[in-house]
Number of protein chains: 2
Amino acid sequence: MPSSAGPTIGEAGEHAAIAEIIAAAPSSRNGDDAAVLTQATPNSRTVATVDMLIEGRHFNLEWSTPAEIGHKAIVQNFADIQAMGARPIAALLAISAPPSTPLSFLRELATGVSERVNQFSAELVGGDLTAGDNLVVSVTAIGLLGGSLPELTLDRAKSGQKVVASGKIGASAAGLALLQRFGRDFPFQFTELVASHCTPHLSPGRGVIARATGATAMTDNSDGLIVDLSTIAKRSGVNIDLNREAIAPSPLMVEAGELLGVDPWEWVLTGGEDHTMLATTAGEAPSGFRSIGKVQRGEGVSIDGQEPEYETGWVSF
Amino acid sequence: MPSSAGPTIGEAGEHAAIAEIIAAAPSSRNGDDAAVLTQATPNSRTVATVDMLIEGRHFNLEWSTPAEIGHKAIVQNFADIQAMGARPIAALLAISAPPSTPLSFLRELATGVSERVNQFSAELVGGDLTAGDNLVVSVTAIGLLGGSLPELTLDRAKSGQKVVASGKIGASAAGLALLQRFGRDFPFQFTELVASHCTPHLSPGRGVIARATGATAMTDNSDGLIVDLSTIAKRSGVNIDLNREAIAPSPLMVEAGELLGVDPWEWVLTGGEDHTMLATTAGEAPSGFRSIGKVQRGEGVSIDGQEPEYETGWVSF
């Protein structure tokens, strides 16, 4: 835990600590036994997901600020909501923290959460704060799926469709590699890559747009491009063939790879946490998406018909 | 972590571990990026809450089985959903566990979760499993609030109402005190008190019934009777006067108090985790509830007009 001015949670007490969070991320729905969400439009369904982040495994306080951790926790959960074709509307934030944690840490984390949920016109509607030996952050995201179109599942990719992507691929892994080598003192020209890791971008509405324009399957690049697309290929019983040129590492990633002695294709193919939306659609690439490959008969994921050079991805155990 | 036959999570790997959980608590809604819930009836709203349980703070593996931990995690979250007047329909389960955790632990925990959600006609629809140094269990509960009546909030108790309760008061604290003294070798006659702590009872539908029959404010006895009712009194700007006879410790609690040298009124007034539903209503006590006091002008909580002998409750920091 970084040193910081001001009282700790243990000194201020539970109520003051919760008040800090609520002040940084206010919502009229917060503060009762449970949060009552806005009334959904007729025919809409509720969508829910949860992710737990552990200090030292999912984030590192040496190179991530509390606000960045809050940002990332929201993005990774809202990406899962968008990957169903839905719109995120609310988040719940459960935190376990040592009593020695500064109150300011909670305030900054909640500020990061607040800025991100606001970007999606969503709200932080509730949560839990408890003492624990380690810092653990669990975010639940809730979304709405309107209209009568089916949700975008992992098992509905169809031969003949395009594979489309919205967002960077491999940039987060490149940023992480730079942080692991240099800490926050990384060479200045790589700021964009490090930002891709610490504050991954997620564009509101991409799931809704993809679903409205004919996408049938969708996920996000959270564990690794090949791993995540392999899940769609397996569940859908198809082959996904990627276009090498369309997923090639950016010039900045190539430069970082040269500096670190790493093949940047490894970041592209195995790096997760970009939270890039990946969909299959019979139509044109939806607004904000680009075509990166095609769905065809067969199995697994290939690149221009060849087996990928790198296939592994993030595993927790 | 108790020793157990069979492989650990670390040995079996993440996918096998998640498969154990899903086999024990199956749902067709599970297994995609996020869970799509059943379509709600018109005019209904979604209700959500989260609680994080830390090993050694919220549960103790020396005297709670994995199934009991799963049971308790669902009950405490579903009680919060019911306390809004809503009906629980789904749960998400996020777990951080050391790689040395037996797979059987996850299976038994999920079995406890499954039995409890089934009792409410709800489902375990998703979750997250990640490695961590400590065992942390975070449950999100989602419910539906149908019809046009307002939800049951903490700030709508009104002078002239009855205070009603459904469930035991102080029994969980008595059971915890017995476990702290004797471990699982407690005297046999106190089985019921220990069960109140390890597998607290929650009756499905109490929130819906209370809301339908005129209740306006509701909570559950999670942090302590006086603490939880004080929150209603403060938010609503009223006094809550309890009837001493109606909340008196049971003969079994008196017996346990004599054995342990503890005034059983301390358990009644400060003990939490009974998850007894507490409501205020202008009507008769709803089905399954009993009257335990009245709402009147003033402030705070009193017992037959006197200040309570014990007032503290559970605080995390």
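The model shown is predicted, which means the values in this text are computed figures rather than measured ones. Chain letters run A, B, ... following the sequence lines, proteins first and then strands; every chain starts at 1.
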Chain B interface, residue from A/Leu93, A/Thr46, A/Asn134, A/Leu92 that has the most non-hydrogen pairs under 4.5 Å: A/Thr46
Residue-level interface, residues 80-91 of chain A with chain B, non-hydrogen cut-off under 4.5 Å: A/Asp80, A/Ile81, A/Ala83, A/Met84
Contacting region of A/Asp220 [heavy-atom separation from chain B under 4.5 Å]: both
Choice from B/Leu145, B/Thr38, B/Leu129, B/Asp133 maximising heavy atom contacts with chain A below 4.5 Å: B/Leu129
A/Arg45 and B/Leu37, any side-chain heavy atoms less than 4.5 Å apart: no
Under 4.5 Å from any heavy atom of chain A - which part of B/Arg235: side chain
Contact winner vs chain A - B/Ala12, B/Ser96, B/Ala17, B/Ala35, heavy-atom pairs under 4.5 Å: B/Ala35
Top of B/Leu154, B/Ile54, B/Leu53, B/Thr231 for chain A proximity - count of heavy-atom pairs under 4.5 angstrom: B/Leu154
Options A/Val47, A/Thr130, A/Asp155, ranked by heavy-atom pairs under 4.5 Å with chain B, top entry: A/Thr130
Leading residue by heavy atom contact count with chain B [cutoff under 4.5 Å; candidates A/Ala97, A/Gly13, A/Gly31]: A/Gly31
Option in B/Gly127, B/Pro42, B/Gly10 with maximal non-hydrogen atom pairs under 4.5 Å from chain A: B/Gly127
Residue A/Glu151 versus chain B: region with a heavy atom under 4.5 Å: side chain
Choice from B/Val125, B/Asn77, B/Asn43 maximising heavy atom contacts with chain A below 4.5 Å: B/Asn43
A/Asp32 side chain to B/Thr153 backbone, donor-acceptor under 3.5 Å: no
Residues from residues 136-144 of chain A approaching chain B under 4.5 Å (heavy atoms): A/Val136, A/Ser138, A/Thr140, A/Ile142
Nearest heavy atoms of B/Met52 and A/Met52, plus distance in Å: CE-CE, 4.3 Å
Residue, of B/Ala94, B/Ser222, B/Ala131, that accumulates the most heavy atom pairs under 4.5 Å with chain A: B/Ala131
Value rounded to 0.5 Å, distance of CG in B/Asp33 from CG in A/Leu152: 9.5 Å
